[in-house]
Amino acid sequence: MPTQSREPLVTFSPSGKRGRFARGTNLLAAARELGVDLDSVCGARGICGRCRILVHEGDSPAQGIRSTMENLSPISEPEQRYAERRTLKNQERLACHTRIEGDCIIDVPAESQLHRQVVRKAFGSHSIELDSPIRLHYCEVEEPSLEDPSGDLQRLLAALGREWSLVDLEVDPTLLPGLQVTLREAKFAVTAAVRDGRQVVGLWPGLWERVFGVAVDVGSTTVAAHLCDLSSGEVLASRGVMNPQIRFGEDLMSRVSHVMLNPGSDAEMTRVVRQAVDGMIGELVAEVEASPEDVLEVVLVANPIMHHLFLGLSPVELGMAPFALATDGAVSVKATDLDLGLHPAARAYWLPCIAGHVGADAAGMLLAEAPWEREATTLLVDVGTNAEIILSGGGRLLAASSPTGPAFEGAQISCGQRATPGAIDRVRVDPETLEPRFSVIGSALWSDQEGFAGSLGPQGVTGICGTGIIEVVAELFLAGVILSDGRIDGTLAERSARVVEDDRTFAYTLVAGASPIRISQNDVRAIQLAKAALYAGIRLLMDRMGIQSVERIRLAGAFGSHIDVKYAMLLGMIPDCELSEVSSAGNAAGTGAATALLNRGARTRIEKEVGRVEKIETAVEADFQEHFVSAMGLPHSVDSFPELAKHFVLPKKARRKKKRSR
């Protein structure tokens, strides 16, 4: 054992924090004194294993010390017991039962860090710093006696204060009925869940290590939920279901109209969507052999109409100018108030809405992408029936919504459908022969590959979904079948049997047969109208910011996640930008919900950022119509696309022949 008279130097990695401590000092206590991020739930009893550390072996010339295992106390009895139950690998030690006996460099692995970075692979997004609103604390409560007549609750609070320095705690009233039974079940050793360091919200006998939260994205078409471990940040399970409100209307405004025409029907819409979320949570916890009562926190995002309907608020005012929200602030309520059968003390937090048609889902996208962390002018677009647009640059945040309609989701298209098995989702058109090849959801093969027909399900090819219609229109534009003004060139009927007459216009046959799938002139017009509305909304924000181009574009939402970005630009859905800087943000709204679920500081941050967003209402902007008309062209009637031209030979702009005067 070292014989130096000086106190040992202890350095913690990766934080780099260091200090000198007397020999015999507990390693966990030393870490806490230095502010090292080292987890522990069991109150230094050696039973939770959260404080596992490793010793770096070898010389450190920079610090002038030699670090070895011998400079720590021998393996303790609690460590041996833990190793028998859970395993300590690669010479791991439990900091709570390890003493400092000499110089050492201590590595704190990621799984032992309380505020560790959790990479959200389930959402395809950046990492999240784990700072859960719910923390677990194991403690041993003094048993009652005739000498100490204080109540069980008071002795529990005293134990939390004594062992965890948690003082002035409140207690959720729902815990009181079962408090005494819980304390006695494990001889007054319990684990308490504390929310935000202020309120005891859960209590279990003995050591309890699992507490869950759920991030929910309530979309108008689909509802997605993700079950997270609030202690580790791990995404344990995910589910998605169709929004049962669809039977009241395919799109948002149809549902608002339904409420207007059928007063009181919003209560039924509220009931069915709450029931759907409650059922999903039940299925999620069942996957990990847990109970809904193990869920203590829910974070939700949605567009304003879904937000209002879920909260039991009338959406009628959102159906007409000035599109007033009942509340645009963050909402925190008991989960039971939303008919969610979770832990009695569970709470539900809604991210704030930004404007009448820019909702909590857009706030979730904003939180997930955090554009304020970049200098680049960034455009965020959640493509849906009502596109939500956020522009960030120069320290400013601007937001707007644009009425794109359901065409991008396959609706209003003659052969359109949702993205389900049998739907065409990818298309390529040979510019010489004008022959197509395509892929279908449910098959790994393209239509020109051997075995394609046999790879399809019994339904065969049933239609074309949103990504498919975008690609086929863009490919036909590149091939010259569709002109820059959106007209299908009927003269090509002489060159290819794929181009056929369709009443007074022409259509392109994508799939021949008894029930052909064709792209009609009306289909092209529907896409033009949708993409022009989106582009016009974007241009309004660019005008307000005083810029002519953007440096970075992120496409979010289910549709934005699957679209090929180059086709989005070819159609003129988005402005010109270097293609390498245009990418999918995945389910950014869901990622934002997960961020707010796992990091309590993120809630404060997004409430602050939403407060400084400048809202632009497209419906009252005089320039919207002018931008809309110009954006009807492919990719645009006026704006140039030099970056796009580096990757494609863009067809010349169409010119209509002038009619002869009589």
Side-chain angles (χ1 to χ4, degrees), residues 41 50 110-111 116-136 193 201-202 204 208-219 221-244 273-302 306 310 335 338-351 361 364 367-368 419-420 556-558 561-562 585-600 602:
V41 168
R50 298 285 180 84
E111 56 269 23
R116 54 188 165 276
Q117 294 289 314
V118 183
V119 179
R120 295 267 56 82
K121 290 183 180 177
F123 303 103
S125 126
H126 56 71
S127 61
I128 300 169
E129 182 181 342
L130 181 62
D131 184 15
S132 173
I134 304 291
R135 298 272 175 83
L136 296 176
V201 294
W204 297 268
W208 187 265
E209 298 183 85
R210 297 209 307 177
V211 61
F212 304 114
V214 182
V216 184
D217 179 9
V218 186
T221 304
T222 58
V223 182
H226 310 277
L227 180 71
C228 300
D229 185 322
L230 292 180
S231 296
S232 68
E234 182 183 0
V235 178
L236 303 173
S238 298
R239 290 225 167 208
V241 298
M242 294 294 287
N243 189 326
V273 72
R274 287 180 178 180
Q275 191 176 62
V277 170
D278 191 52
M280 288 174 69
I281 294 175
E283 292 171 357
L284 287 169
V285 294
E287 283 188 41
V288 298
E289 298 180 347
S291 160
E293 288 205 355
D294 295 330
V295 177
L296 271 165
E297 201 79 8
V298 180
V299 173
L300 304 100
V301 295
M306 289 297 98
F310 201 102
L338 301 180
D339 302 324
L340 301 179
L342 312 177
H343 188 284
R347 293 197 70 83
Y349 173 85
W350 277 90
L351 270 67
D361 51 351
L367 180 60
T420 55
S561 300
H562 294 94
N587 179 17
T591 302
T595 302
L597 176 69
L598 297 172
N599 186 295
R600 53 184 175 172

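Below, all heavy atoms of this structure are taken into account, side chains as well, without hydrogens, waters or symmetry copies.
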*asked:* Applying side-chain contact (heavy atoms from CB on, under 4.5 Å) to Leu598 and Leu230, what does each step give before you reach the verdict?
replied: CA-CA 6 Å; Leu598 297 172; Leu230 292 180; 4.0 Å; yes
Measuring from atom [atom1] of [X] to atom [atom2] of [Y], what distance do you get when rounded to the nearest 0.5 angstrom?
X: Leu284; Y: His226; atom1: CG; atom2: NE2; value: 9.0 Å
X: Leu227; Y: Glu287; atom1: CG; atom2: CD; value: 8.5 Å
X: Arg239; Y: Thr222; atom1: CZ; atom2: OG1; value: 15.0 Å
X: Glu234; Y: Asp229; atom1: CD; atom2: CG; value: 6.5 Å
X: Leu340; Y: Met280; atom1: CG; atom2: CE; value: 11.5 Å
X: Leu300; Y: Leu597; atom1: CG; atom2: CG; value: 10.0 Å

Where [X] and [Y] come nearest, the two heavy atoms and their spacing:
X: Val295; Y: Gly213; result: CG1-CA, 4.4 Å
X: Ala193; Y: Leu136; result: CB-CD2, 3.9 Å
X: Val235; Y: Cys228; result: CG2-SG, 4.1 Å
X: Gly341; Y: Asp278; result: N-OD1, 2.8 Å
X: Ala556; Y: Ala585; result: CB-CB, 4.1 Å
X: Ala302; Y: Val218; result: CB-O, 3.3 Å

_Partner set under side-chain contact (heavy atoms from CB on, under 4.5 Å) for Ala290, not counting sequence neighbours_ = Arg210, Phe212, Val285, Val288, Asp294
_Once salt bridge (charged side-chain N to carboxylate O under 4.0 Å, His left out) is applied, do any residues pair with Asp339, and if so which ones, sequence neighbours excluded?_
Arg274
*State, with a plain yes or no, whether a side-chain heavy atom of Arg50 is found less than 4.5 Å away from one of Ser231.*
yes
*Test side-chain contact (heavy atoms from CB on, under 4.5 Å) on Leu338 and Trp350 and set out the steps.*
CA-CA 12 Å; Leu338 301 180; Trp350 277 90; 4.1 Å; yes
_Please evaluate residues Glu297 and Ser132 with respect to the criterion side-chain contact (heavy atoms from CB on, under 4.5 Å), reporting the C-alpha separation (whole Å), side-chain torsions for both, the decisive distance (0.1 Å), and the verdict._
CA-CA 10 Å; Glu297 201 79 8; Ser132 173; over 6 Å; no
_Test your reading of the model: is there a side-chain donor-acceptor pair from Asp361 to the backbone of Ala589, 3.5 Å cut-off?_
no
_Under 3.5 Å donor-acceptor, Asn599 side chain and Glu129 backbone_ = yes
_Just to verify, which of Val223, Val301, Asn243 counts as forming a side-chain contact (heavy atoms from CB on, under 4.5 Å) with Met306?_
Asn243
